[in-house]
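Residue numbering restarts at 1 for every chain, and letters A, B, ... go by the order of the sequence lines.
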Amino acid sequence: MAQISLNEIFQGYVGRRGVFKNKETLSIAFTPDNIPHREEQIKQLGMILAPVLRKEKPSNVFIYGKTGTGKSLCASHTIKKLSDQTNGKLKTIYINCKMRRVSDTEYRLLSQLISFFGVEVPYTGLPTDSLYKKFFNLLDQGEGNTLLVLDEIDALVKKVGDGILYNLTRINQELKKTKLTIVGISNNISFINDMDPRVRSSLSEEEAVFPPYNASELRDILTERSQLAFNPGTVSSGVIEKCSALAAQEHGDARKALDLLRVAGEVAERMGNEKVLKEHVDLAEKKLDTDKTLEITKTQPRQSQCVLLSILELFRKGTKNTQTGDIYDVYIQICRRNNLKVLTQRRVSDLISELDMFGIVNSKVISKGRYGRTREIKLNLSGEMITRIENFLKEEFI
DNA sequence: CCTCCACAGGAAGCGCAGGAGT
DNA sequence: ACTCCTGCGCTTCCTGTGGAGG
């Protein structure tokens with residue numbers, strides 16, 4: 001039985017022409033040749049970095065803009081073009097500072113930098129400044145310019161402070177043959193104010209701002225990409241407009257727009273449609289939403305999951321106007337059942353606030369007069385999400 | 001008008017882990 | 001290898017508060 005139906009599925013797959021021609025072109029990792037609506041920024045970056053062609057040191061650049069505004073894309077595009085001009089002689093080090101366990105401490109970042117020169121360094125044990133020396137020596141062995149791209153640089157500063165940036169910006173004073181230029185990329189603008197003024201000024205000798213895309217700009221981007229990604233005529237009208245509009249509502253995030261389009265295509269294929277329809281976009285949005293919330297709950301610490309389960313149990317019982325105390329009572333029971341340490345109500349209250357921040361619940365402070373002042377907590381999830389999260393939590397807890 | 005409920009949410013401090021300095 | 005030092009999760013203690021009921 002199972003085999004027959006599987007065969008049918010496979011047959012359906014092979015027999016039909018899928019909607020995708022090249023799905024890769026919709027992923028964030030893909031670098032298109034043409035980047036619409038970023039001509040200004042690319043030109044600006046090009047002008048800032050152009051001195052490398054004359055073997056002079058360009059200014060350090062600080063790039064900021066919200067997620068999905070094309071910062072990393074434009075930076076890597078510009079640098080690649082620049083590198084082509086120099087016949088690949090331009091050395092570029094790209095580091096994403098948000099990668100956990102890779103580059104989230106001073107030591108790890110330095111060992112990353114060193115490994116770019118093909119030298120491996122022990123995971124731990126060496127003093128930090130000997131790593132600096134090593135990096136310095138490796139750097140100075142080469143000629144000309146080295147570009148250091150620090151993506152999500154705000155994460156680095158938040159984690160380890162600005163000392164490392166201070167050291168890196170000063171390194172040029174010592175270097176003889178090479179020059180190091182830092183390209184910092186951040187989606188948080190305010191963090192730069194917390195930095196040491198010296199670091200701030202040397203890091204942002206030049207600044208490039210990436211504004212959010214509006215709906216029509218997003219539409220252009222999607223139109224271009226969809227021609228690469230989909231077979232001709234498989235995207236019905238209105239689909240791209242819908243994806244653009246949804247993503248524009250969320251601070252003009254091109255990544256979200258591309259995700260929506262890609263998942264809509266996947267949904268269409270799975271449902272056996274030969275065309276991507278507007279309804280598929282709705283389903284895609286739901287799926288992305290659910291996946292995201294599920295991912296959040298999965299990565300949440302156990303205590304927080306326990307609190308969420310308490311809220312879910314109360315919801316299933318149909319309790320109206322859930323308040324902190326109710327949740328705490330259920331929470332205690334779940335902890336006992338699961339042999340978990342019972343935290344104080346004060347702490348649980350904070351955990352509820354965290355769930356609120358994630359958008360999983362909505363809580364608002366209300367006063368019930370004689371019957372006290374508390375927070376009214378409501379689940380902020382669709383029915384399908386509740387079931388999926390519940391299924392996950394039921395596996396984790398008794 | 002006052003009271004008093006059921007908490008909110010700030011402040012201080014504790015114990016721990018893991019990194020930095022030596 | 002050894003002490004600091006720092007950040008984090010958490011507890012303890014605290015003061016503050018909107019409004020129903022007296």
Practice task
For atom CD of A/E40, decide whether the heavy atoms of other residues, nucleotides or ligands shown that lie under 6.0 angstrom number more than 12.
Solution key: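 Counting neighbours around CD of A/E40, 12 or fewer heavy atoms of other residues, nucleotides or ligands fall under 6.0 Å, so no.
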Exercise for the section: Measure from NZ or CZ of A/R219 to the centre of the six-membered ring of A/Y213, then state whether that distance is under 6.0 Å and the direction lies within 45° of the axis. Expected result: no
Exercise for the section: Kindly indicate whether a cation-pi arrangement holds for A/K368 with A/Y371, taking the cut-offs as under 6.0 Å to the six-membered ring centre and within 45° of the axis. Expected result: no
Handout entry: Gap between atoms CG and C1', on A/N321 and B/dA6 respectively (whole Å)
Key =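 One finds 15 Å between C1' of B/dA6 and CG of A/N321, rounded.
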Exercise for the section: Would you check if A/I360 and A/I311 make a side-chain contact, meaning some heavy-atom pair closer than 4.5 Å? Expected result: no
Fill in the blank from the handout: With sugar-phosphate taken as primed atoms, P, OP1 and OP2 and all else as base, the protein-contact string of nucleotides 10-22 of chain C at under 4.0 Å (heavy atoms; B, S, -) is SSB----BBBBS-
Exercise for the section: Assign A/S349 to base, sugar-phosphate, or nothing according to its heavy-atom contacts below 4.0 angstrom with the strands shown. Expected result: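 Sugar-phosphate: the residue A/S349, judged by heavy atoms under 4.0 Å, touches backbone atoms but no base.
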Practice task
Indicate whether OP1 or OP2 belonging to B/dA6 is found under 4.0 Å from a side-chain N or O atom of A/Q323.
Solution key: no
Handout entry: Modelled atom types, side-chain donor and acceptor of A/T293 and A/R388, under 3.5 Å
Key =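 The criterion, which ignores hydrogens and geometry beyond distance, is not satisfied for A/R388 and A/T293.
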